[in-house]
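For ligands, and for the atoms within them, numbers begin at 1 and follow the listed sequence.
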Amino acid sequence: MNQTQIEQAYALAQERYAALGVDTEKALATLKSVSISLHCWQGDDVGGFENPGGELSGGIAATGNYPGKARNADELRRDLDVVYSLLPGSHRLNLHAIYLESDEKVERNKIEPRHFSAWKDWAKENGHGVDFNPTCFSHPKAADGFTLAHRDPAIRQYWIEHCIASRKIGEYFGKELGTPAVTNIWIPDGIKDSPADRQTPRRLLLESLDLILAEKIDPRYNLDSVEPKLFGIGSESYVVGSMEFYAAYALSRKILLTLDAGHFHPTETISDKISSMLIYLDQLLLHVSRGVRWDSDHVVTFNDDLQAITQEIVRNDALERVHIGLDYFDASINRIAAWTIGARNTQRGLLNALLEPSDMLKQSEASGDFSTRLALQEELKAMPAGAVWDYYCSKENVPVGMDFMKVIKEYEGRELTKRA
Ligand code: RNT
Ligand code: ZN
């Protein structure tokens, strides 16, 4: 498509949306203000740089051996630069503690801001906000699947210290970059087969979390979030940090709750949870992901679940209260493509939601005219949102349509295939 075609298609789309009372320019201005937090861990299959060649554990698994994964932080940053260059707008980075840079081995409870100064410099230079995560997995002290809810107080203490250190790194990024980091705690703690005692580990987790949060940090720099899960590989029967546990915890401690799209029953969606949680909590963090059977971390596609999530954020007027992060890892395809496809899909989902004639839909519902509501919902599916998206990409100087794959293939030939 050439520029004239892009603009002509947009002009027609703009008219069609205007006829429904939707201002496409306003939708694009809003879309531009939304930053998505790209998860660093798609670039190297959640390996990190603490211990090159270390095994991923904690009930999450990256499968595939597509060549070209980042072997160090410089490579990962170069890869991320490519991804950001393919996304309209300006976006954040979501960093895990194991992505530290240090010449000597650093115990996880001893990590400090200085181990992340290269990330800070890069983020500052490129205008990325940064979010953070303690890494409570892939470690000998997490080998039996328990961390903050471990029965051994010494092991709990180790992970408590790691989480406090992580919050301070969040604070450091928040101060340095002028935008608060969301530091998200996810732990793998759980049991494979029917537990005899479901409550003791939860009491221990509660105690650990309270000790972690006892260290006061200004929310202008760091915001805390906790991430529930229903089950993982090896924790099929019981996960200590369940939805009920963390929803009540976040509510009682006035912190954030993370909703990961892959963390519930296969037919249970996070979209329906957003409106409820936003009544009680100030802010949420989303891990936009896609569950497939037992795996919670497939690349985000443009499916109904994704659109339901973005619709809920927009319909509840909650773009300022919902932090949008991605969380998946696919090692079977080009990792830069995986990042880009999922991130662009999330943006397209947001755009579609912003292009909804929401007043019209809400009115037909309020007046009891459910046939009109259904008819309109179905008509909207074939509206020319793609033309608006193409126009937005071209206006923001990023590739239109499939052209982003040309950039990725070129980079693959030039850089990724050279990595052993
Ligand atoms: C695991 C959680 C968690 C992780 C990342 C790597 O099930 O979703 O968010 O994916 O911390
Ligand atoms: Zn997650």
Quiz item: Do the numbers put Lys273 on top of the ring of Phe264, so that NZ or CZ is under 6.0 Å from the six-membered ring centre and no more than 45° off the axis?
Solution: yes
Exercise. Would you please classify the geometry between the Trp122 ring and the Trp119 ring as parallel, tilted or perpendicular, with 30° and 60° separating the classes?
Key: perpendicular
Quiz item: Do Thr183 and Ser166 have side-chain N/O donor and acceptor atoms under 3.5 Å apart?
Solution: no
Quiz item: Given that the side chain starts at C-beta and the backbone is N, CA, C, O, which of these parts of His39 lies under 4.0 Å from ligand 1, counting heavy atoms, or is it both or neither?
Solution: neither
Practice problem: Could you name each residue pair satisfying side chain to side chain donor-acceptor pair (under 3.5 Å) that touches residues 247-256, not counting sequence neighbours? | Solution: Asp210-Tyr249, Asp210-Arg253
Practice problem: Report the angle formed at the Zn ion (ligand 2) by atom OD2 of Asp327 and atom OE2 of Glu227, rounding to the nearest 10°. | Solution: 170°
Quiz prompt | Where at least one partner belongs to residues 135-161, residue pairs that pass ring-ring contact (aromatic ring centres under 6.0 Å, His included), sequence neighbours excluded | solution = His96-Phe137, Phe137-Trp186, His139-Tyr158, His139-Trp159, Trp159-His162
Quiz prompt | Those atoms of ligand 1 less than 4.0 Å from some heavy atom in His287 | solution = 9 (O)
Quiz item: For ligand 1, which atoms have a heavy atom of Phe329 less than 4.0 angstrom away?
Solution: 10 (O)
Quiz item: Which of the atoms in ligand 1, numbered in the order shown and given with their element, are less than 4.0 Å from a heavy-atom of Asp260?
Solution: 8 (O)
Quiz item: Looking at Asp327, which atoms of ligand 1 are within less than 4.0 Å of one of its heavy atoms?
Solution: 2 (C), 3 (C), 4 (C), 8 (O), 9 (O), 10 (O)
Quiz item: Within less than 2.8 Å of the Zn ion (ligand 2), any N, O or S from His287?
Solution: yes
Quiz prompt | Flag for Thr24-Tyr10: side-chain donor and acceptor within less than 3.5 Å | solution = yes
Quiz item: Of all the atoms in ligand 1, which lie at a distance below 4.0 Å from a heavy atom belonging to His96?
Solution: 5 (C), 6 (C), 11 (O)
Quiz item: What N, O or S atom of Asp260 is found closest to the Zn ion (ligand 2)?
Solution: OD2
Quiz prompt | Atoms of ligand 1, numbered as shown, that sit under 4.0 Å from any heavy atom of Lys229 | solution = 1 (C), 7 (O)
Quiz item: Is the closest side-chain heavy-atom distance between Trp41 and Ile98 below 4.5 Å?
Solution: no
Exercise. Specify whether Trp339 and His39 have parallel, tilted or perpendicular ring planes, treating 30° as the upper limit for parallel and 60° as the lower limit for perpendicular.
Key: perpendicular
Exercise. Check ligand 1 against Ile60 and write out every atom of the ligand that is under 4.0 Å from a heavy-atom position of the residue.
Key: 1 (C), 7 (O)
Quiz prompt | Heavy atom of the protein closest to atom 9 (O) of ligand 1 (residue, atom name, distance) | solution = Glu227 OE1, 2.7 Å
